[in-house]
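Here the structure is laid out as structure tokens; the discussion comes afterwards.
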Amino acid sequence: MADFIYPNSGLGQGRFNPDGSPRPGYLAKMYWAVIGAFLGTALLLRIFDFVLGVQRIRSLNARPKSVLARIYATFTSIGRVLTYPTPPYLQKYSGLVHFPSVGRMLLVIFYWCLLIGFFFYRNPIKTSSDWLNVGYRAAWLSIAQLPLIVLLSVKRLSIISFITGSPSSVTRNFFHRWIARALLLTTTLHMFYMMRYFASFNDLVMRLHIDIFMRRGIGTWCVLAWIVVTTISPIRHYAFELFFANHVLSIIVLFIALMKHTPPYAHVYIWIAIGIYIADVALRWSLILLNNVATSGLNYRASVSVVHDANTLKIEIPLTSLRFLKWKPGQFVRLSFPTVAPFMAHPFTIASLPEDSKMLFVIRAKAGFTRRILKKTLLIGRDIEKQSDHMVATATYPVVIDGPYGGPSRPWQQFDTVLIVVCGIGATYGFSVFRDVLRDNGAVQTLRLVWIVRHYNDIVTFREQLEQILKSCGTDASDFSILIQIFVSDRSTIPIPSHGQSDFDLFLEHLKDVVEVIPGKPVIRSIVRSVLERAGGETGIAACGSVKLTTEIKNDVVLLDAAANRPGSDTQKCWVHSEQFDA
Ligand SMILES: Cc1cc2nc3c(=O)[nH]c(=O)nc-3n(C[C@H](O)[C@H](O)[C@H](O)COP(=O)(O)OP(=O)(O)OC[C@H]3O[C@@H](n4cnc5c(N)ncnc54)[C@H](O)[C@@H]3O)c2cc1C
């Protein structure tokens, strides 16, 4: 039937047409050759980074020594200067839309240009059969993108994160969405050119009546358009659970529709995409079961406490048997509480280190899942206000842990200086990285944490982390410089010593050589400048907070590098790893 309706349906097969132009199916292979070359280059750079990191940690020196390392340092530094910034005039609109960095924009533009290039390469579009040819090209280029889109969305089988060294789900999701938008563009072109071809014979209306493939194609396009529209930021953030359920269901419908619309010889790309997705789900669920299920039921119980501001939760999961639960500082897991909020799993950063033998989370309650846990704990929880100065209620629940995921691609121990800048609840990330470097500093000579909080009482929630830091300082951290600066933006919440000091104020007094509490907001640029000026080798900056904060840091790094007019010099080289808590 397909061959009768579409006499050129074999266009997908073979390499070149008699005029030397590539056949549509061959273009799909060329597309993967380019993607493969890109990923191969990224892998080579990653291997180079890895070797460099090992060398630095072994020699306890973060300064590039060999000629090759210096050349590499110069090129990576120039690359960062070109790709890190977000142009200031775009930041003006950042309240409405978050504009990506130049690097991300360039990658997206390159990708779209690649598709458009493939589209029109040796295809002058003069005769009506050229419309058909372009239509087929668009079809093959559309279907070829499916495995890449799925690869960017999977959680466990994240080959792309491994290759590119960018484990952040936020980064992967960004490219996942933009490539899906490119898919919508190519499928729209496919639909347009096919219709244009039939319209040139005044045949379109009749085709729509007799041709089920065409009707299925239009249906498939509508499902794809629905998926792309429902992933835009306001809809995604409005009701995440609803967005997620809709996304998964719509994708299943899309794949079924695609199978019905496309000829069998093009199904290979669909099967690869489905295969990757199923392998990821199978791997993820196997690990979840292995980790969480024991013969007696669920393996872990979480002790959930609501702290003083009645808006923050502290969750502790004692890990009696670690099984596969080994994590690196800065990683996160997805937690679900089957008895409180069934079928919901949300990501939270692990605020403890593996040697603490427990997983600790500090969570700011929002409107959905987190609010439900908070309310239930306040309702059924034991009132412990009298026993502790900052917990108001606590309860225990069975918990399912899925993870760990994420974390930086480069160990922090390979840098000369590590600067951690975090906002509010981002301290979960900041303190775990800080403690990790504190217990094993490798080549690090200077370690600095800048934490911006709104109220003085927000610091109390992280007392346990500060106590652990105090302990480490007393033992093994004397050979390098460490500093924690806590900026309290609401100055009026800082206690005045002459009005009497609480137990916590006295505790902070003990830490005064390491911890400074400063009223007001920090000037990020001057902090970054002072750190870069003193660095004796490459600096690593870990940033966790709003998009505004992480953008500001990257822009400042570039400005300072450019102002110093020596990108790539030994000391100015600076790598920024940013984490965001937005999906
Ligand atoms: C990698 C990562 C680490 C995080 N670590 C922490 C942490 O240590 N402490 C902390 O307080 N918060 C952390 N968050 C944020 C936390 O996951 C969300 O605040 C929480 O899921 C909101 O749940 P809710 O239903 O109560 O929120 P809602 O009020 O329904 O939504 C609030 C916001 O949270 C986002 N969100 C909702 N559900 C999810 C989900 N399943 N996955 C991702 N985002 C979602 C929504 O897009 C929305 O913008 C982290 C997020 C990520 C992505």
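Both ligands and their constituent atoms are indexed starting at 1 by order of listing.
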### Query
Relative to atom 52 (C) of ligand 1, which among Ala345, Gly330, Pro347, Ser336 owns the nearest non-hydrogen atom?
Pro347

### Query
Is any N or O atom of His237, backbone or side chain, closer than 3.5 Å to an N or O atom of ligand 1?
yes

### Message
Taking 4.0 Å as the limit for heavy-atom contacts, which would you say applies to Phe369 with ligand 1: side chain only, backbone only, both, or neither?
### Response
both

### Query
How would you list, by chain and number, every residue that makes a side-chain contact (heavy atoms from CB on, under 4.5 Å) with Thr349, sequence neighbours excluded?
Phe332, Thr428, Tyr429, Phe581

### Query
Looking at Arg104, Gln580, His176, which hits side chain to side chain donor-acceptor pair (under 3.5 Å) with Thr171?
Arg104

### Mode of Thr428 contact toward ligand 1 - side chain, backbone, both, neither (heavy atoms, under 4.0 Å)
side chain

### Message
Regarding ligand 1, does Gly368 bring an N or O atom to under 3.5 Å of one of the ligand's N or O atoms?
### Response
yes

### Nitrogen or oxygen of Thr370 less than 3.5 angstrom from that of ligand 1
yes

### Task
Just let me know how Phe348 lines up against ligand 1, side chain, backbone, both or neither, with a heavy-atom cut-off below 4.0 Å.
both

### Query
Is there a nitrogen or oxygen of Arg364 sitting under 3.5 Å from a nitrogen or oxygen of ligand 1?
yes

### Ion pair check, Lys548 and Glu552, cut-off under 4.0 Å
no

#### Entry: Contact check: Ile425 vs ligand 1, nitrogen or oxygen atoms, below 3.5 angstrom
no

### Query
Do NZ/NE/NH1/NH2 and the carboxylate oxygens of Asp490 and Arg454 come within less than 4.0 Å?
no

#### Entry: Those atoms of ligand 1 less than 4.0 Å from some heavy atom in Thr349
3 (C), 4 (C), 5 (N), 6 (C), 7 (C), 8 (O)

### Message
Tell me whether His346 has any N or O atom under 3.5 angstrom from an N or O of ligand 1.
### Response
yes

### Query
Do Glu538 and Arg80 meet the salt-bridge criterion of a basic N to acidic O distance under 4.0 Å?
yes

### Message
Pairing donors with acceptors under 3.5 angstrom, does anything connect the side chains of Ser169 and Asn173?
### Response
no

#### Entry: Verdict with supporting geometry, Ser153 and Tyr277, side chain to side chain donor-acceptor pair (under 3.5 Å)
CA-CA 9 Å; Ser153 75; Tyr277 185 75; over 6 Å; no

### Atom indices of ligand 1 within 4.0 angstrom of Val362 heavy atoms, with elements
7 (C), 8 (O), 9 (N), 10 (C), 11 (O)

### Query
Thr187: what forms a side-chain contact (heavy atoms from CB on, under 4.5 Å) with it, not counting sequence neighbours?
Ser142, Leu183, Leu184, Trp221, Leu224

